[in-house]
Amino acid sequence: ALAIAGQALTGAQLGSGDARGAREATALMVRWGVWGGVALGLLLLALHRVLPILFTDDPAVRSAIAAGLVVIALGQPLAGYVFVVDGVLIGAGDGRWLAGSMVLVLLAYVPVVAVTRAVGGGHGPEAAVVALWMAAVSLFGTRTAVSPDAGVVVVVVVVVESDVLALLLASLEPPQAVMPAPRASR
């Protein structure tokens, strides 16, 4: 939902010539995206042992699901950031840049898939599920690393990978320049 808001608000602000308003809206949406990811991640962490019970009676499958949910929970703040920035870039008319950056993401992600296959295979269902979801979270990290504001990316990636509590203690100040400057009309 925030990506769609980012797309609409960015397009409207830039269309009316209000680049400052677009930057302010972007900063607010990025904050909401990251903090929404933190909230969802904390909820998933709290319920990671409860939710699998809804799907199966098999203890091995429950354990694998629970392990995967921990990784998914830790990746939510990063996912929130990525989704908002993608919407903002689309709203700013930077679809071509976004497409090119995704080619770089694909090239960086291919080795992750190979490692995931090697780590996940033959080590049991928990290891396979954790490897799969770590690969998915790394996709968000790679996507974020090629975003227009990589300074924010480094902070978010380090926090997600090391300690989600550090993000809770982080400043609520928004990033200063998440979106590129508006293009001159032709």
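Atoms considered below: every heavy atom in the structure, side chains included; atoms not considered: hydrogens, waters and symmetry mates. All values derive from a computational prediction rather than experimental measurement. The first residue of the sequence shown is numbered 1, and numbering continues consecutively from there.
- Closest heavy-atom contact between P52 and L69: CD-CD1, 4.2 Å.
- To the nearest 0.5 angstrom, T26 atom OG1 is 9.0 Å from Q13 atom CD.
- Side-chain contact between R62 and D57: present, with at least one pair of heavy atoms (C-beta onward) separated by less than 4.5 Å.
- A heavy-atom distance below 4.5 Å is found between the side chains of V30 and Y81.
- The two residues L14 and A19 come nearest to each other via the heavy atoms CD2-CA, 4.0 Å.
- Partners of R20 according to the salt bridge (Lys or Arg N to Asp or Glu O under 4.0 Å) rule, which considers only residues two or more places apart in sequence or in another chain, are E24.
- Residues I65 and L43 fall within the same hydrophobic cluster, defined by Ile, Leu, Val, Met, Phe, Trp and Tyr side chains chained together at heavy-atom separations under 4.5 Å.
- A distance-only check finds no donor-acceptor pair linking the side chain of R49 to the backbone of A66 [under 3.5 Å].
- Contact of the V137 side chain with the L74 side chain is not registered, since no non-hydrogen atoms from C-beta on lie closer than 4.5 Å.
- Criterion: ILVMFWY side-chain heavy atoms under 4.5 Å apart, direct or through other members. Under it, L9 and I4 are not part of a common hydrophobic cluster.
- The two residues A135 and S138 have their closest heavy-atom pair at O-OG, 2.7 Å.
- The minimum heavy-atom distance linking G68 with V130 is given by the pair N-CG2, 4.4 Å.
- Under a hydrophobic-cluster definition in which Ile, Leu, Val, Met, Phe, Trp and Tyr are linked whenever side-chain heavy atoms come within less than 4.5 Å, directly or via other members, L44 and I53 are assigned to different clusters.
- With values rounded to the nearest 0.5 angstrom, W32 atom CH2 is found 8.0 Å from L2 atom CG.
- Of the possible polar contacts, none joining the T10 side chain to the Q7 backbone as a donor-acceptor pair under 3.5 Å is found.
- The side-chain contact (heavy atoms from CB on, under 4.5 Å) test with L106 singles out one residue from V110, V103, L104, and that residue is V110.
- Taking every heavy atom of both residues into account, A73 and P77 meet most closely at O-CD, 3.9 Å.
- Hydrophobic clustering, with ILVMFWY side chains joined whenever heavy atoms are under 4.5 angstrom apart, keeps M102 apart from L107.
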